[in-house]
2 protein chains.
Amino acid sequence: MSQRPTIKDVAKRANVSLSTVSLVVNNKSYVSPKTRERVERVINELGYHPTSSARGLALRKSGNIGFILTNDHFTQSEPFYTKIFLGAEFEIQKHNYYILLATIPKQFNASNSIPRFLLEKNVDGVIVAGRVDYKMIEFIETMGIPLVLIDYKISNRQYSTIVMNNYKGAEQAVKHLISHGHKKIGFIGGELQHPSIKQRYIGYSEALAGAGIQPENNWIVKDLPDTRQMNGYDGARKLFSKKECRPTAIFVANDAMALGVMKYCKENNIKIPDDLAVIGFDNIEASYYVEPKLTTIDVNKEEMGIIGVQTLLNSIKEKTDIVRNIHTSVELVIRESCNSKGC
Amino acid sequence: MSQRPTIKDVAKRANVSLSTVSLVVNNKSYVSPKTRERVERVINELGYHPTSSARGLALRKSGNIGFILTNDHFTQSEPFYTKIFLGAEFEIQKHNYYILLATIPKQFNASNSIPRFLLEKNVDGVIVAGRVDYKMIEFIETMGIPLVLIDYKISNRQYSTIVMNNYKGAEQAVKHLISHGHKKIGFIGGELQHPSIKQRYIGYSEALAGAGIQPENNWIVKDLPDTRQMNGYDGARKLFSKKECRPTAIFVANDAMALGVMKYCKENNIKIPDDLAVIGFDNIEASYYVEPKLTTIDVNKEEMGIIGVQTLLNSIKEKTDIVRNIHTSVELVIRESCNSKGC
DNA sequence: AATTGTTATCGAAGCGCTTCGATAATTGTG
DNA sequence: CACAATTATCGAAGCGCTTCGATAACAATT
């Protein structure tokens, strides 16, 4: 079984020195077109690929980046983080890096939760996806490793961050409702201290303001304890308990709650979209299977991963600590839940 | 900013040679307890960790193993493969390896679907999870890299394989029904050419035989085109269209179809578990949320990952090509869908 | 006391690559 | 045409580790 070829084999066969081969491979410095071409041919003939550990040793770089998330985020059935990871994985290939994935427990514990690649300094940078214990972030910071956060915004601290454009998504949703003639557009949401939800609420408010609509207080439910489906149900009940001047459309802060709203409507004979238009946010899988299909805002998860990688790689290249905050794109997906004409 | 310590720093500080430090770290050969202790102390003081690329270069091993699955498997909402990966990741840490994950398209294409870690020989072994294009397998084989398949059995070929114990699971399911007094126990399943489903059917048959029960043909539907929910629904319809001698219990070959069966029953006023006991297989998330909660067979996904890693690491250590076929454990989870007394 | 075996430590070579500085070949300039 | 500047190639050192073979110290056996 022949060993895989090394740079030496290539050099010998192409009748050049090791250095020249290396220069060709990394296309650096001056190499004449003839020799470059010859070396490249030999590389193809032999199927030569540089060994990453040798290269890593010489360059004092690992060629890896770390990807950290909590294991409950990773295994949740909505493949949100999985898709972010997929985007990252896709992008990283182009840059000839590898991703080392580490899942950590929700409760961080310095003695056993630290990914080995950090201890061994086997990564040139780290992506953290989703909320993790802040001590984890601190640890990475003290190691001086470039860091990018995806879908996790830490206020008061300066980290490069990739988040979806919640504001714009909300705005689009509301504009869509307005374009259908709706004027009485309600909002249902909870956990307003959560930055994403807050941005969605702001987007809602400003879109209305932009259209010259002054929302009434009883169109709005924003004191729900969290963003689960049952709270959407409760929110709808609260909202419809007040008889006077009901909204004809509702922007719900996420799909899970929107499903709850729809459930309430079904049970109370409120027809969607005829009596009430409903629009959600997130484009979870269930939003497609519910009856009627939910119109919602899609988040480009893969893009979040891609941009995350690009941002991290930039931070690795430049040595300065530029902090970038990026809002990734968001898209209205029109289905069946708000086809009504507003009244 | 002080560089991270190397083996040299440790040696100097502990007043020994590089070799001795290396021997301590890998605890090989003879080192006197005193020096060992001293070296270890210095290692802790400095926070020394060997650099994996240097080690990899010297040992001509990467210290990585590759984990390959198709991207649709990875992103499906039931986190089956994700959990297998998680188990693998958990186990690999103990052995000081890293996992490099690569997702490949369903349609294999030799020019761009080959994970980079294979081309660069940057892995010491590979795990393939779930069905992938056979050309992928062949490619790995020709590279002479140790390989373990998880949840993917290829007949006629000899690969180490980790699959759940479908036979035993089916047997347990049927025995559970029998223990509730059921004698007329039906089977609904499709895609019998699929090895897992086939094993489940065999387990069903033999469990009945073992109890001295001769199943009647019209208790059994096994010609469904695939294993999706709607086929379970259809299967139930077929089964209940024949009036004579209905089963009092059904073992459905997977939860998805079981859900379909339950839907049919609900629509046709067949009460579960009173009129009909239903048991599924897989323990998907929805099986917990359905009404009544589905009794089913749980598959230990993490264990599959763990055993997969152990098996692969064994193959890497021994140079011989021992082929191991392992059936991982499976567990009855009793919920609400077969609490009836059989008639 | 001489011989053998065991235990402990070390020096040096080598793993496959990058890169600095030296040198050689080529081209451009006045 | 002489000289400088540019382009092309190479040798050697070094990245941080493992390991072979040598040597030394010590213990056990005749």
Side-chain angles (χ1 to χ4, degrees), chain A residues 2-40 42-43 46-64 96-98 117 119-124, chain B residues 2-40 42-43 46-64 96-98 117 119-124:
Chain A
S2 65
Q3 276 305 317
R4 62 186 309 236
T6 73
I7 199 173
K8 214 168 173 178
D9 302 318
V10 176
K12 209 171 290 172
R13 187 116 182 240
N15 242 316
V16 292
S17 70
L18 302 194
S19 347
T20 305
V21 178
S22 176
L23 294 177
V24 169
V25 171
N26 303 288
N27 48 76
K28 287 201 174 163
S29 169
Y30 305 107
V31 179
S32 73
K34 292 158 290 175
T35 41
R36 151 158 286 128
E37 195 269 339
R38 182 156 35 97
V39 170
E40 271 164 355
V42 173
I43 286 178
L46 299 183
Y48 166 75
H49 283 275
T51 304
S52 39
S53 34
R55 182 175 250 173
L57 182 56
L59 291 175
R60 256 138 305 176
K61 299 201 317 161
S62 65
N64 301 324
N96 277 16
Y97 268 79
Y98 288 110
F117 57 61
L119 297 175
E120 300 188 355
K121 280 239 185 174
N122 196 18
V123 290
D124 303 332
Chain B
S2 65
Q3 277 304 319
R4 62 187 309 237
T6 74
I7 199 173
K8 215 169 172 177
D9 302 318
V10 176
K12 209 171 292 172
R13 186 116 183 237
N15 244 318
V16 291
S17 71
L18 302 194
S19 347
T20 304
V21 177
S22 176
L23 294 177
V24 169
V25 171
N26 303 291
N27 49 78
K28 288 202 174 160
S29 171
Y30 306 107
V31 179
S32 72
K34 290 158 290 171
T35 42
R36 154 158 282 127
E37 196 270 335
R38 182 155 37 96
V39 170
E40 271 164 354
V42 173
I43 287 179
L46 298 182
Y48 167 76
H49 283 275
T51 302
S52 41
S53 34
R55 182 177 251 174
L57 182 56
L59 291 174
R60 255 137 306 175
K61 298 201 316 164
S62 66
N64 301 323
N96 276 15
Y97 268 80
Y98 287 110
F117 57 61
L119 297 175
E120 300 188 354
K121 280 241 187 173
N122 197 17
V123 290
D124 304 331

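A, B, ... follow the sequence lines: proteins, then strands. Residue 1 opens every chain.
Only A:A54, A:R55, A:A58, A:L59, listed by number, bring a heavy atom of residues 53-64 of chain A to less than 4.0 angstrom from any atom of DNA chain C.
Between A:R13 and A:L46, the closest side-chain pair of non-hydrogen atoms falls below 4.5 Å. Looking only at side-chain heavy atoms (C-beta outward), B:Y48 and B:I7 come within less than 4.5 Å of each other. Counting heavy atoms from C-beta on, the side chains of A:R38 and A:N15 come closer than 4.5 Å.
In this structure, A:N15 atom CG and D:dA8 atom C1' are separated by 15 Å, rounded to whole Å. Rounded to whole angstrom, the span from the CZ atom of A:R4 across to the C1' atom of C:dC15 amounts to 13 Å. Note: NZ (B:K8) to C1' (D:dC17) measures 12 Å, nearest angstrom. Between the CG atom of A:L18 and the C1' atom of C:dC15 there is a distance of 13 Å, given to the nearest Å. As a whole-Å value, the separation of B:I7 CD1 from D:dT19 P is 11 Å. Atom-to-atom, CG of A:N26 to P of C:dC17 comes out at 11 Å; the value is rounded to the nearest Å. Taking atom CG of residue B:N96 and atom P of nucleotide D:dT18, one finds them 12 Å apart after rounding to whole Å. The interatomic distance linking A:K121 (NZ) with D:dC17 (P) rounds to 14 Å, in whole Å.
Within the 4.0 Å cut-off from OP1 or OP2 of D:dT19, at least one side-chain nitrogen or oxygen of B:K28 is found. Distances shown here put a side-chain N or O of A:T20 below 4.0 Å from the OP1 or OP2 atom of D:dC10. B:T35 has a side-chain polar atom (N or O) that falls below the 4.0 Å cut-off from OP1 or OP2 of C:dT9. Look at A:S32 and you'll find a side-chain N or O under 4.0 angstrom from OP1 or OP2 of D:dT9. An OP1 or OP2 oxygen of C:dT7 is reached within less than 4.0 angstrom by a side-chain nitrogen or oxygen of B:Y30. Between D:dG16 and B:T51, no contact under 4.0 Å exists linking OP1 or OP2 to a side-chain N or O.
Side chain A:S19 to base D:dG11: a donor-acceptor pair is found below 3.5 Å.
No side-chain N or O of B:S22 forms a donor-acceptor pair with one of B:S19 less than 3.5 Å apart. Side-chain contact of A:E120 with B:Y98: a donor-acceptor pair under 3.5 Å is present, judged by distance alone.
Residue A:V16 is in sugar-phosphate contact alone, with no base atom involved, counting any heavy-atom pair closer than 4.0 Å across all strands shown. When heavy atoms are screened at a 4.0 angstrom cut-off, A:S22 is found touching base atoms of the nucleic acid.
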Could you please spell out the steps behind the side-chain hydrogen bond (donor to acceptor under 3.5 Å, both in side chains) verdict for B:R55 and B:N96?
-> CA-CA 12 Å; B:R55 182 177 251 174; B:N96 276 15; over 6 Å; no
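Here CG of A:N26 is found 7.5 Å from CG of A:L59. Values are rounded to the nearest 0.5 Å.
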